[in-house]
Amino acid sequence: MASPSTGNALHKESDFFTRVYELVSSVPAGKVTTYGSVAEQLGLRSSARMVGWALSAADTGRVPAHRVVNRFGALTGKLHFLTADTMRLMLEAEGVTFRDDGTVELKLHLHQFSTRERD
DNA sequence: GCTTTGACCTTTA
DNA sequence: CTAAAGGCCAAAG
């Protein structure tokens, strides 16, 4: 959209970063997404690492990075937040339920961007 | 300008 | 079955 060569690049740190933020911000409250799903939407199915890395550079107060968890639903980047419990508390505040293992119920809160066909 | 690391996932041994 | 390495792209040293 628009013309990127018009010299409009102002707050755009990087298209990749913004792309991740958009997808994460697209996730409603009470829902959680996974790095793999986001990466897949970006076309970087095998490069899910960069998704998490992008979140590390993202501001947790600006981007709901707490809604992003790993494949197992475990809060891998919780230590990157203000406190180790911050991520969990925020998700609980959103209405997300946790298992006894401290993992998020992906079956209940996993936000799917599109119908993923498997097999 | 090259090397290392990074909140991961997938495949091969 | 479990364990290890590879892969991907990008930023910081």
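Reminder, nothing fancy here: chain letters follow the sequence lines and each chain counts from 1. Only heavy atoms go into these numbers, but all of them, side chains included; no hydrogens, no water, no symmetry mates. All figures in this text were calculated on a predicted structure; none of them were measured in a lab.
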Name all pairs fulfilling the salt bridge (charged side-chain N to carboxylate O under 4.0 Å, His left out) condition that reach into residues 83-98 of chain A, sequence neighbours left out, sorted by first residue then second. A:Arg67-A:Glu94, A:Arg88-A:Glu92
Protein-nucleotide distance (A:Arg45, atom CZ; C:dC9, atom P), rounded to Å: 11 Å
Contact pattern, 5' to 3', of nucleotides 3-8 of chain B - B, S or - by protein heavy atom under 4.0 Å: ---BBB
Residues in side-chain hydrogen bond (donor to acceptor under 3.5 Å, both in side chains) contact with A:His109, at least two apart in sequence or another chain: A:Thr97
According to side-chain contact (heavy atoms from CB on, under 4.5 Å), who are the partners of A:Ala74, at least two apart in sequence or on a separate chain? A:Asn70, A:Thr103
For A:Leu44 and B:dT10, give me the distance from atom CG to atom P, rounded to whole Å. 14 Å
With sequence neighbours excluded, tell me which residues meet side-chain hydrogen bond (donor to acceptor under 3.5 Å, both in side chains) with A:Thr86. A:Thr83
Residues at least two apart in sequence or cross-chain that pass side-chain hydrogen bond (donor to acceptor under 3.5 Å, both in side chains) with A:Ser25, listed by chain then number, are none
Could you tell me how far B:dA7 sits from C:dA3 if I compare only their P atoms? Round to whole Å. 23 Å
